Amino acid sequence: MKQTPKPPDFIIIGAQKGGTTSLYNYLIQHPQIAPAAQKEIHYFDFNFDKSPDWYYTQFPQPQTGENLLTGEASPYYICHPQVPQRIHDLCPKVKIIALLRNPVERAISHYYYYIKIGYESLSLESAIASERERLKGEIEKLITNPNYYSYEHQHHSYLTRGIYADQLPPWMKLFPKSQLLILKSEDLYTNTFGTYNSVLEFLELPPHQLQTYEKYNATQYPPISETVYEQLRAYFRSHNQRLAELCDRDFGWD
C-alpha cells in the first residue's frame, strides 16, 4: 500500500533579513528534526504551479517507526497575499513561525544586501522614495492573478515588508494560536539558546543544546544619516503601534 505523503510539520514564514536562516540551521541540529531538500522551497509563492506531491517530495518521508519532524523556511511567505490560504488549504495542521525584526533595521539590511548582490542601484534615500511608485498596482495583481509574479514586490519592498500589522492578520484568522509562534528577531540574537528552546517547546520537542550557533554581529553598512533613520522610525511608528495592539505585546522598537 502506497504511503500517503506527509506534509511539513513547521514552516518559518519570514520575515526576510530577520534571522530565518539562523533559526532554520539551529532547528535542523535537533536530533528529532530532519532537514528539507533546501531551506527555502518557495512552493506557495513561486512554485505553486507544481503539484502538492512535488512539494511533499522536498521533505524526507518517515521510515517505519521513525517520528522525525521536518519543515522549511521561505521568508517571502509572510507578505505574499495568496500564501496564508494556500498553506492552510494544503497543510491545515502545520505550525507557523514568524520572526519579526525591527522594521527600520530590517529595511536597511534588506537594502544593503540587495546592493551587494546587484538587485538595487538606487541610493538608500531614492530606493525608499521610489518604493510606492515601484509597487504601484503590484499587490492588486498578486491578489487577482494566482499565477502573477512581481519582481518589484519581492525585491523592492523595503518599507512594505516591515509593516507586520498588515501581514499577520490573515495568518491569525486561519491558524489557531496553538499553531502560530511570533518571535522577535532581536530575542534570537541576544538570547539564542532561550529562543531556540522556546521554538522547540512550540514544536513539542525536548530541549536541546546547540553545538554550533552564529554569534550575532550587526551587518556592517556605511554610516546611515540620522535624517534617514528618523524618516524610517517615523514611517513605522504607527504600524508598530498597530502590531503591538494586534499581538498584545510591546516589541520595544520605538
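Only a predicted model underlies this, so the values are computations on that prediction, with no experimental measurement involved.
- Side-chain atoms of Gln16 and His110 include a donor-acceptor pair closer than 3.5 Å.
- With Ser185 contributing its side chain and Gly19 its backbone, the two residues share no donor-acceptor pair below 3.5 Å.
- Phe236 has its side chain out of reach of Asn102: every pair of non-hydrogen atoms, C-beta onward, lies at least 4.5 Å apart.
- In this structure, Glu72 contributes its side chain and Phe59 its backbone to no donor-acceptor pair below 3.5 Å.
- Taken together through direct or relayed side-chain contacts under 4.5 Å among Ile, Leu, Val, Met, Phe, Trp and Tyr, Ile108 and Val228 form part of one hydrophobic cluster.
- Within the model, atoms OG of Ser150 and CD of Glu140 stand 10.5 Å from one another, a figure rounded to the nearest 0.5 Å.
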Before giving the answer on side chain to side chain contact (heavy atoms under 4.5 Å, CB included), spell out for Tyr111 and Tyr221 the whole-Å C-alpha distance, their side-chain angles and the decisive distance to 0.1 Å.
CA-CA 10 Å; Tyr111 169 80; Tyr221 329 113; over 6 Å; no
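- Aromatic ring centres of Phe251 and Tyr164: separated by at least 6.0 Å.
- Between the side chains of Ser157 and Glu131, not a single donor N or O lies within less than 3.5 Å of an accepting N or O.
- Side-chain contact between Pro75 and Ile13 is absent, with no heavy atoms from C-beta onward closer than 4.5 Å.
- In this structure a side-chain-to-backbone donor-acceptor pair under 3.5 Å is present from Thr70 to Ala34.
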Please walk me through it: do Leu90 and Ile87 pass side chain to side chain contact (heavy atoms under 4.5 Å, CB included)?
CA-CA 5 Å; Leu90 191 65; Ile87 291 182; over 6 Å; no
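- Among residues at least two apart or in separate chains, salt bridge (charged side-chain N to carboxylate O under 4.0 Å, His left out) pairs with a member in residues 3-32 are Lys6-Asp9.
- Ring-centre distance between Phe202 and Phe10: not below the 6.0 Å cut-off.
- Heavy-atom contacts from other residues, nucleotides or ligands closer than 6.0 Å to OH of Tyr113 number 12 or fewer.
- Between the side chain of Gln32 and the backbone N or O of Leu68 there is no donor-acceptor pair closer than 3.5 Å.
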Under the side chain to side chain contact (heavy atoms under 4.5 Å, CB included) rule, what do Leu243 and Leu168 come out as? Steps first, then yes or no, please.
CA-CA 9 Å; Leu243 177 70; Leu168 289 173; 3.6 Å; yes
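- Grouping the Ile, Leu, Val, Met, Phe, Trp and Tyr side chains by contacts below 4.5 angstrom, directly or via other members, places Leu159 with Ile224.
- Between the side chains of Gln82 and Tyr77, not a single donor N or O lies within less than 3.5 Å of an accepting N or O.
- Sorted by first and then second residue, the pairs that involve residues 197-206 and meet salt bridge (charged side-chain N to carboxylate O under 4.0 Å, His left out), not counting sequence neighbours, are Lys95-Glu204.
- In this structure, His30 contributes its side chain and Pro206 its backbone to a donor-acceptor pair below 3.5 Å.
- Between Tyr114 and His155, some side-chain heavy-atom pair lies under the 4.5 Å cut-off.
- Side chain of Asp254 to main chain of Arg233: no donor-acceptor pair is present (N/O by atom type, distance under 3.5 Å, no hydrogens or angles).
- Taking the side chain as every heavy atom from C-beta outward, Val199 and Leu205 never approach each other to under 4.5 Å.
- The shortest side-chain heavy-atom distance between Leu100 and Ile78 falls under the 4.5 Å cut-off.
- Listed by first and then second residue, the side chain to side chain donor-acceptor pair (under 3.5 Å) pairs involving residues 115-124 are Glu120-Arg134, Glu120-Tyr158, Ser123-Ser126 (not counting sequence neighbours).
- With a 4.5 Å cut-off on side-chain heavy atoms, Ile33 and Tyr26 do not count as touching.
- Put simply, the side chain of Gln29 never gets that close to the backbone of His208: no donor and acceptor are under 3.5 Å apart.
- Contact detail for Pro103 and Gly162: the closest heavy-atom pair is CB-O, 3.6 Å.
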Working for ring-ring contact (aromatic ring centres under 6.0 Å, His included), residues His80 and Phe44
CA-CA 9 Å; His80 189 296; Phe44 296 99; over 10 Å; no
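- For residues 161-171, the set of pairs meeting the salt bridge (charged side-chain N to carboxylate O under 4.0 Å, His left out) definition, not counting sequence neighbours, comprises Asp166-Arg242.
- Here the two rings, on Tyr149 and His153, have centers that are 6.0 Å apart or farther.
- Trp253 and Glu105 share no donor-acceptor pair across their side chains, judged by distance under 3.5 Å alone.
- Trp54 and Val94 fall within the same hydrophobic cluster, where Ile, Leu, Val, Met, Phe, Trp and Tyr residues are linked whenever their side-chain heavy atoms come under 4.5 Å apart, directly or through other members.
- Side-chain rings of His88 and Phe175 approach one another, their centers coming within less than 6.0 Å.
- Rounded to the nearest 0.5 angstrom, Glu186 CD and Asn191 CG are separated by 12.5 Å.
- Residues meeting the salt bridge (Lys or Arg N to Asp or Glu O under 4.0 Å) test with Glu245, sequence neighbours left out: none.
- Looking at Leu200 and Tyr196, their side chains come closer than 4.5 Å, going by heavy atoms from C-beta outward.
- A donor-acceptor distance shorter than 3.5 angstrom exists from the side chain of Asn47 to the backbone of His42, with no hydrogens or angles considered.
- Note: the hydrophobic cluster containing Ile11 also contains Leu174 (ILVMFWY, side chain heavy atoms under 4.5 Å, direct or indirect links).
- Remark: Ile139 CD1 to Thr144 OG1 distance equals 12.0 Å, nearest 0.5 Å.
- Residues Ile12 and Leu23 have side chains in contact (heavy-atom distance under 4.5 Å, counting atoms from C-beta outward).
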Run Ile182 and Trp171 through side chain to side chain contact (heavy atoms under 4.5 Å, CB included) and show every step you take.
CA-CA 11 Å; Ile182 297 165; Trp171 300 93; over 6 Å; no
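- Put simply, Leu183 and Tyr24 are part of the same group of oily side chains (I, L, V, M, F, W, Y) that touch within less than 4.5 Å, one to the next.
- In terms of modelled atom types and a separation under 3.5 Å, the side chain of Gln38 and the main chain of Glu40 share a donor-acceptor contact.
- Glu138 meets the salt bridge (Lys or Arg N to Asp or Glu O under 4.0 Å) test with Lys141; sequence neighbours excluded.
- The OG atom of Ser178 sits 8.5 Å away from the NZ atom of Lys93 when rounded to the nearest 0.5 Å.
- Of the possible donor and acceptor atoms, none in the side chain of Asp250 sits under 3.5 Å from a partner among the backbone N and O of Ala244.
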